[in-house]
Structures are given as C-alpha cells and as structure tokens.
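Numbers restart at 1 for each chain; the letters A, B, ... are given by sequence-line order, proteins then strands. Just so you know, these numbers use all the heavy atoms, side chains as well, and skip hydrogens, waters and symmetry mates. Computed from a predicted model, the values in this text were never measured in an experiment.
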Amino acid sequence: MAGIVTEPWSSAENGNASMTPKGSSRELRHGRTAHNMSSSSLRKKSDLRVIQKVPYKGLKDFLTNLQEVILGTKLAILFPAIPAAIICTYCGVSQPWIFGLSMLGLTPLAERVSFLTEQLAFYTGPTLGGLLNATCGNATELIIAILALTNNKVAVVKYSLLGSILSNLLLVLGTSLFCGGIANLRREQRFDRKQADVNFFLLLLGLLCHLLPLLYTYVATEDTPAAVISDMSLVLSRSSSIIMLISYIAYLVFQLWTHRQLFDAQDQEDEYDDDVEEETAVISFWSGFVWLVGMTLVIALLSEYVVATIETASESWNLSVSFISIILLPIVGNAAEHAGAIIFAFKNKLDISLGVALGSATQIGLFVVPLTIIVSWIIGINMDLNFNLLETGSLALSIIITAFTLQDGTSHYMKGLVLLMCYFIIAICFFVDKLPQKQPNGFHMGLQQMNNVVTATGGGVFSS
Amino acid sequence: MGSIVEPWVTAENGNATAKGSNRELRHGRTAHNMSSSSLRKKSDLRLIQKVPCKTLKNILSNFQEVILGTKLTLLFLAIPLAILANSYHYGRPLIFGLSLIGLTPLAERVSFLTEQLAFYTGPTVGGLLNATCGNATELIIAILALANNKVAVVKYSLLGSILSNLLLVLGTSLFCGGIANIRREQQFDRKQADVNFFLLLMGLLCHLLPLLLKYAATGEVSTSLINKMSLNLSRTSSIVMLIAYIAYLIFQLWTHRQLFEAQEDDDDDAYDDEVTVEETPVIGFWSDFAWLVGMTLVIALLSEYVVATIEEASDSWGLSVGFISIILLPIVGNAAEHAGAIIFAFKNKLDISLGVALGSATQISLFVVPLSVIVAWIMGIKMDLNFNILETSSLALAIIITAFTLQDGTSHYMKGLVLLLCYVIIAACFFVDQIPQKQPNGTIVGLQPKNNPGSGFFAA
C-alpha cells in the first residue's frame, strides 16, 4: 500500500512534449515506479470479448470500466468481503466477524487504489504522478490512523504505524531476499546500495525523533509531575513532526528532481520487456478519479469498522490489541506489495523489491507518522512520538539490523532468513505480551514505564 | 570454541572434491584447526620405536601423540592435582584454580581429536562435528551449572565467551598482526564477517526483547507474570535461534561454501613450513573416539569442580562471581584458540583469525545459548534470555563496535587496540561491580555483604 516514486512517469508513449532526456525507450519503459511494477504482477489482462457483445455504447464503456477496475486483479476474489462486512454490521453479527471481514476487504482495495493512482499518473505527468503515488500509496495506513485518532485510540494509531514500518523492513524485505536468494542460488545478487542508504538515514532520523520523547520519561525524577513530562514530550513531538515533514519534502525533491538517476532501476535484459504491460492508460481520467474517490470512501468505511471492533476482536480471539495492531493489520494492508516484492526478487530484480519495502518504510516513518501528529494537534488530541520502550527498542534494532545487512550491496538467502526470523521474534514478543494496558489521560498507551503513575480512569481500555 | 570455515581436506584421502590446486586444498582447513595446529609439535617417535612389543608401542605412540602433542602439555599436571585436592579437601579456591588451569590443555586436545576424527568422517560431518564439539567446554560448564540451578553462572559465562571472542581474541589478533605488519596493508574478506555479524545482531535482538519486557512493565504487574512472559518469549526465541543456526550451517557448509574460503596468499612458502601436520590422521579412528570420550569426561569432572567451587573462590579472592564468570572462565577456555588467532594474524592471514573469533562468537550466541535455554526447559529450570541491562548493553555495544570496525575489509593495529581497550573497560566494569544482583526467582547473585552469612549464593 505504499506508493513510492522511483522514476518519472513514462510520458513519451502518451505523446507529451516533456521528453525527459533519459536515453533509450527501454529506459523510459523501465522508468516505472517500483511500486507500480510490483503491483502490476497482481494484475491480469481484462478479457473484453464478452463486453463487446453488449449493444449500447454507454453501457459497454461502463462495463469495460467496471471490469478493468474490479476484476483486473488476482485479488478480486476478496472483494465480496466488502459487502459481507457491511451486511454484518447492519445485521448486528458479532464484532470479531466484522473485524475479520473488513480486514479481508481492505486488501484488494489497497491494491486497486495503487492501480488507479498509476492510471491517473498517465494523465498528470511524471512529477505530479509521483507525488500522487507517494501520498495515496499509504492511503490505508493514513485513513486507519486518522479514524483511530478521532476515536481517541491513540495506542492503535501508534501500534499500527509502528507495525507497518516493522513489516516493511523485516517481513517484506526478509521474504523477498529469502525467496530471491533461494531462486537465484547460483547467481550473485546485487543491488545499488545508494538508494537503500538514503532510506536508512531518513529512518534513523525518524528513530531519533521517537527516542528523545521516550528518554524524557526516564530522566524524570520522582518529584517531577507527570503532566510536565507529558507536556515536554508533546511539544517536542510536535516540533519534531514538522521537521520530519520538511525532511520528507526534501526527500521527494531529492528523489523526483535533483538525484533522479540514483533511483533508476538497474539495467535489464530482454526478458524484462515481456513483463511490462502496454504503457497506455486503460481507463479515462475522470472515471479513474471517480473510482479513486469511491474506493477511498469504501476504505474509510471499512477502516471505521476495523477501528471500532478491534477491542472486541482482541478479546474474543485472545490476542492483545498491540499484537493485532502491530502484526495483523500491516500484514493485511501490505499484502499486495508484499507479493509483488517477492516476485521481483525471484527475477533477481532486487532494486525494485528494495525500493518497495524501504520506500514504504520511509514514507510511513517520515510522512504518515508526523502527519498523524499534526492532525491530532489540530483535532486537539494529545498524541506524542513516544512509542514506549518495547516498541521503540524493536524499531531501533530492526533498522540497525536491516541497515547492516544491506550495507554491502549484495544479497543471499541467509540475509532474508535472518530478517524474517527477527520479525518472528518480535511478533512472538508482542504475542506473549499480555500485560494490561492502562490509558491515563490518553497519554501513555501500552506498557507503562512509570511505576508511580496510577490514575484511575475506569476499568476499560481506551476509555477517554 | 570451534568454528567452521572450510570443508575438510579430502583430496589427500582419496575423495574427489574439485577444489583446484593442491595448495588451495591445504589452505582449505578450518580456521580453528589451523589456529590450533600452531600449538602442536611433531611427536618424536624415536624413543618409542625401541619398545619391542607392538601393541605396547602403539599404545605408547598413541599416548604420546595425544597427551604430549601440544605445547600446553605442562598444564596437564593440573588435572591430577585438582582431583587430589578435591579428595583431600584442600582449600576450595585452590581446587577452582587448578581446575581452571587443567581445562586449558583439555580444550585444545578435544579440538585436535575432533580434527583427527574428521579425516575419517568426511568434510560435512567433520564440519558439523567441529561445530558441536568445538565449544564443548562452554557447553559442559553451562549444563553442569544448570543442573546445580546456578542460572546466573550460565548466563555470565556464555556472555563472557561471546565478549571474549569478539573483543579480546579479535583485539589482540588485530593488534599484534597490525604491529607485525606495520608496513603492509592488511585485508580480509568482509562477506564472511558480515554473515557472522547479522547473526550476532539477531541474537542480540533475542536478548533485548525480554530485557525490555521487564522494564516496560508497571510496578503493579506481578513479577511472576513478567517472568512467565519473558520465559515463554525466551524459549520460543531459542527455537528460532537454533533454526537460524542450522540455516547458517547449511549456508556455510553447502550452498555458499565459496564465501568462506581462506584468502589466497603470495608468500606461500613460509606458510607451507607451518603446516607441519601432514594431512593424514595420526591416530586410529577408534582410539581417537575413545580419547575423545575420555577427555570429555575429564572436562566434565573439572567443570563440576569449577561450578561447585566458584562461590568460595569468589569470596576468598575478593572478586564477584560475575567477574569470574564473565572474564576469567572464558579466558581460560579460549586460550588455545586465542594463541592460534594471534599467530595467524602475525602472518597476515586475517581471514583465519576472523574466522576463529567471529565463528566462535556466533556459535556460542546462536547455538550454545539457545541450547542451554532448551536444556533448562527440559530440566524444568527457569532460564530466560534476559541477561540484565549491564551485560546486554556491553554485548550490544561490543557487537556494534566490532561490526563497525570490520566493515571496510582492512585492518591495522589501531583497530585491534581499540577492541582490546573496550574489553579492558568492560572487565573493569564487572570488576568494580559489587552490587548483589537479585534474580527473578529470588536468589541473590554477586558478592554478598559480609554481615549476611545466612543466605548463601544461589539459595533456592
């Protein structure tokens, strides 16, 4: 679900006059974003023969449109989950069911949104298309975060965003490198580490922003009132968020404009041309726009269900809320990207897999998280960047392990296996974490670290 | 204490491995073996030839090969002395010291015997054998300490082993090698080092999470709940670590063997003189096996003494149990490897030194530690992966410093010096650490204040 921009859009085929001086046509065709290339593996060519028989042109166009959008993906089979979830809500079926169905329904929606964004970009040109992709790519995470904020479930926000970063860094990357390594056992797998490096030092910047508010709570002495600490933490978090957003904008400028050549996909052999679909849009601009808006609304609806039913699901499935938010939600949300990254690793195109995984992680770490803080500031909810000790520790070590693993520019299956195992260990850690979570004043979610903060705000979790 | 760097030399034994020139094959010995071989001396068989009876001659030559075939033979005397001291109830600290000294040559001989066995079993099994038996001393000490419910000693000694390999062995090797080759650029292949490092980082993650779990919990949550969670997490992580270790073995011995080949060297003439041990085994398979079993039993006996007398020794020498377990035990246990790594660094063969040190550290971290947790699980003892904040932080920083130092593929004496000084600092830290440390199940580890004679160490 993360869109990342790796290349200006291939505009030459569309006849625009903005010819980028980038050499051969093959390079232009190669210049598709890693995200798009990875998602395209989940698409299938629409079979338009049945529709041709329909007499009315308007109806035919409409049906073509419908087929392209709804049925144009191998994940189409999950679409029935959406109406099922809506029906369940109205019939008052038990909440865990609604939760499960909503999660299933979100998967194809996320993939379709990225497809629509790619189609729209054919019309808007390279830079705007890249920006669109960057913003809309993480639509699901952003919408879930904002909805959870409005319900004052700050913990769910923090956990789900953290889980997204962890999932991209360890799970997606790990499975890609592992499968790619097994499939290319006799070949040396290389990738360009400059692109990976940019992502890593941005992630480390994000880590610093999370670490400092966390450390505030530990340097407090016994007689410092909790309110002062929270206040300091909040002010620091909000200023850091602004800085993170500035650095994200700089990253976009770097990636889309001044140092585009760093993010070029590696030179390909002839076999690649078979994989690329034709470069023309399959739906018109306005229908694409309408579909995008519609799908975003459906995503919002399903996310509303997810956020509302998460505690009940957690109780009835006997998993902690943190486990569901950190592990289950991102797996569902990232499923399309995940599959794509693995497929490209199989083909020994590691730059694309890395671009997908690391780019997503950077986007969430440096864009969605600070944006959520700013939104909560506007709404008036006190959310800070302190993600608590266990979560920040896992994040720190994940970034360090992944950065270290990728620093020499080669890959083999052992690297992927280790990253994958680290993800399992972190997942197990949150699985066994059955500590009750208190939420005094909505500040500290999850595991508490201050022994003397005991505020009786009622027995329920997330009670405001 | 063993590390696998290369498949066993099989061509001379008539197998058909296609590994290139004869010289490469001779180079293709495990780093551990090559380092230990520097401590061997050619047996002088002339005396024994005079003995008339053939069987007696065989036994004596066998004996000479095994017992006298090392420069550390002198320390063998400590073994009977330790047994004597135990029987006659001499001072416990004396037993402790003698047992420690006695363990040193035994560890070296076990690695020699394992190498000899590998001539018969072939490359892959030999490599596996080396991997398992190489760290026999650490494993035996750990299991015996577990059997006596001294979980702290287990944790400290294993941690100390990793620290000693990463900082002490590596530091002295790089330092001595750098001084000896001060005009030459020293290079090594960083790919092999990298594999070890990210496995060590994964091990660090497994230690970090239970530690953070303990700190993240409120004061109201019962200690038993936290311990239970930490225990479940540790046991599951141990299984994952063992899976990763098996994958590492597959990676090293089978699919990516070429990554672990020793570097090509130009001045090979000097090298050939050092490889004094001819490529044929010097003792028969069954005698080898018998010696191996016998030596392991003696190691077990001495380790039993060590584990039993560690507290008294710590009391009478004025050092904390933590210091003895983290610093002294591993120095003794690793002595043979240590000497070998330094010698090879002198000869500018850094790949071998790195293979020894890093391979050992990885083995202990990803094999011996999770194995101890699993054995504790089977025995019903509550050992988790939470090594407490001071130890875990030293481990974390040691791994990070070493990984960073070695990441460019070259070396000079300054790198070695820094690693060495880091080890000295950590040793100083544990030396001054006189804080009694409470274990979750209520036992107290560390130096007890003298006015508290009732509660002994590790009281259950």
Side-chain angles (χ1 to χ4, degrees), chain A residues 170 178 181-182 185-186 188 214 218 320 322 388-394 396-398 400-438 444 446-454, chain B residues 190-191 193-195 197-222 225-226 228-241 243-244 246-248 250-252 254-256 258-259 366 385 396 399-400 403-404 407-409:
Chain A
L170 296 178
F178 180 63
I182 296 282
L185 209 55
R186 294 290 147 224
E188 196 196 18
L214 176 72
Y218 285 96
S320 59
S322 58
N388 291 321
L389 185 62
L390 196 57
E391 293 81 352
T392 312
S394 336
L397 219 64
S398 311
I400 289 174
I401 291 181
T402 316
F404 186 79
T405 308
L406 292 182
Q407 68 162 322
D408 67 343
T410 65
S411 161
H412 43 72
Y413 69 88
M414 198 62 197
K415 292 189 175 185
L417 187 69
V418 167
L419 291 179
L420 206 51
M421 297 270 139
C422 290
Y423 187 75
F424 284 152
I425 292 169
I426 293 179
I428 293 168
C429 173
F430 287 108
F431 181 76
V432 305
D433 169 20
K434 298 263 196 277
L435 293 175
Q437 297 162 26
K438 283 199 173 45
H444 302 285
L447 307 178
Q448 287 281 48
Q449 61 265 43
M450 292 191 293
N451 293 344
N452 50 359
V453 176
V454 179
Chain B
R190 59 166 296 196
K191 286 205 178 68
D194 277 353
V195 178
F197 278 127
F198 55 75
L199 286 169
L200 282 169
L201 282 172
M202 181 184 138
L204 179 67
L205 178 72
C206 296
H207 289 302
L208 195 69
L209 289 179
L211 177 71
L212 291 180
L213 211 56
K214 189 180 103 174
Y215 279 97
T218 65
E220 299 150 23
V221 179
S222 67
L225 181 61
I226 300 173
K228 187 155 147 313
M229 276 169 29
S230 176
L231 211 54
N232 287 335
L233 176 62
S234 304
R235 287 169 174 170
T236 329
S237 307
S238 302
I239 297 175
V240 175
M241 279 158 92
I243 294 175
I246 292 170
Y248 169 62
I250 293 176
F251 182 79
Q252 203 181 22
W254 187 23
T255 61
H256 282 77
Q258 67 274 10
L259 269 189
L366 279 199
L385 285 175
I399 294 176
I400 289 175
F404 190 78
Q407 68 159 329
D408 67 343

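- Ring geometry for A:Y413 versus B:F251: interplanar angle over 60°, hence perpendicular rather than tilted (30 to 60°).
- Your options are B:L204, B:L201, B:I400, and the one with the most heavy-atom pairs under 4.5 Å with chain A is B:L201.
- Per-residue heavy-atom pair counts under 4.5 Å with chain B were compared for A:M421, A:M414, A:K415, and the maximum is reached by A:M414.
- Per-residue counts of heavy-atom pairs under 4.5 Å with chain A were compared for B:I250, B:N232, B:T255, B:T236; the largest is that of B:T255.
- Among residues two or more places apart in sequence or in another chain, the salt bridge (charged side-chain N to carboxylate O under 4.0 Å, His left out) test is passed with B:R190 by B:D194.
- Residue contact with chain B, scored on non-hydrogen atoms closer than 4.5 Å, is absent for A:L420.
- Among the candidates A:L185, A:I401, A:I400, the residue making the largest number of heavy-atom pairs closer than 4.5 Å to chain B is A:I401.
- Only the side chain of A:L417 comes within contact range of chain B, with heavy atoms under 4.5 Å apart.
- Distance check, rounded to the nearest 0.5 Å: NZ of B:K214 to CG of A:L389 gives 12.0 Å.
- With a 4.5 angstrom heavy-atom cutoff, B:L211 does not touch chain A via any of its atoms.
- Using a 4.5 Å cut-off between heavy atoms, A:T410 touches chain B through its side chain atoms alone.
- In this structure, the portion of A:L397 lying under 4.5 Å from any heavy atom of chain B is its side chain and not its backbone.
- Classification of the A:F404-B:F197 ring pair by plane angle, with boundaries at 30° and 60°, yields perpendicular.
- Applying the salt bridge (Lys or Arg N to Asp or Glu O under 4.0 Å) definition to pairs two or more places apart or across chains, none involves residues 202-213 of chain B.
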